[in-house]
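Each remark here refers to the structure printed beneath this line.
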Amino acid sequence: MAQRSSDCVFCGIVAGTIPSTQVRETDRTLAFRDVSPQAPVHVLVVPKDHYADVAEVVAAAPHLLRLLLEECVAVARDEGIADDGYRIALNTGEQGGQAVAHCHAHVLGGRQMAGQLG
Ligand code: DGP
């Protein structure tokens with residue numbers, strides 16, 4: 001199992017040493033509001049264990065990907081955007097726009113998202 005990384009900001013949020021606005025928590029995942037929201041609803045869902053990106057999760061703990069996506073769907077429901085629609089994004093690697101090397105899913109909604117994939 002991946003260990004928390006002391007120099008990872010999302011590991012710090014999971015550990016509670018870095019403040020965040022949390023919206024959901026399970027034993028394996030944490031959901032919190034993005035510090036720089038790109039939409040009226042912008043929540044990040046992360047595995048509590050440290051995996052650098054979604055590829056690492058798929059390779060090491062594929063069942064965790066299902067839990068992560070289930071939490072994304074639950075966030076959308078709780079935030080009231082499920083009916084109107086929303087975007088789940090898993091930026092991966094430098095050209096994928098991933099700035100934080102701890103696997104995270106963006107849940108974005110509350111405005112029209114179509115045509116804005118980059
Ligand atoms: P990405 O580019 O896919 O790696 O997205 C990283 C996101 O993480 C970005 O939208 C901003 C957010 N973020 C970075 N640092 C923090 C932080 O300390 N707290 C919170 N809540 N979000 C952060």
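Here the structure is a predicted model, which means the values were calculated and not measured. Start at 1 and go down the list; that is how both ligands and their atoms are numbered.
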(message) Tell me whether Glu71 is salt-bridged to Arg28, with the criterion being a basic N under 4.0 Å from an acidic carboxylate O.
(response) no
(request) Look at Arg24 together with Glu79 and state whether they make a salt bridge at an N to O cut-off of under 4.0 Å. (result)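 No.
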(request) Decide whether Val35 and Val41 are clustered together by the hydrophobic rule: side chain heavy atoms of Ile, Leu, Val, Met, Phe, Trp, Tyr closer than 4.5 Å, transitively. (result) no
Run the numbers for me: atoms of ligand 1, each under 4.0 Å from some heavy atom of [X], listed by number.
X	answer
Val9	18 (O)
Gly97	1 (P), 2 (O), 3 (O)
His106	1 (P), 3 (O), 5 (O), 7 (C), 10 (O)
His104	1 (P), 3 (O), 4 (O), 5 (O), 6 (C)

Any side-chain heavy-atom pair of [X] and [Y] under 4.5 Å:
X	Y	result
Asp78	Val23	no
Leu30	Ile13	yes
Cys103	Glu56	no
Tyr86	Val73	yes
Leu44	His42	yes
Val75	Val45	yes

(message) I'd like to check whether Leu44 has a polar contact with ligand 1, where a contact means an N/O of the residue lying under 3.5 Å from an N/O of the ligand.
(response)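 N/O-N/O distance under 3.5 Å: no.
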(request) Report yes if Arg33 has an N/O atom closer than 3.5 Å to an N/O atom of ligand 1; otherwise report no. (result) yes
May I ask you to identify, for [X], whether its side chain, its backbone, both or neither come under 4.0 Å of ligand 1 on a heavy-atom basis?
X	result
Ala99	both
Asn91	side chain
Thr21	neither

When you measure from [atom] to every protein heavy atom, which one gives the shortest distance, and what is it?
atom	value
atom 8 (O) of ligand 1	Phe10 CZ, 3.4 Å
atom 19 (N) of ligand 1	Ile13 CD1, 3.6 Å
atom 13 (N) of ligand 1	Val35 CG1, 3.7 Å
atom 9 (C) of ligand 1	Asp34 OD2, 3.3 Å

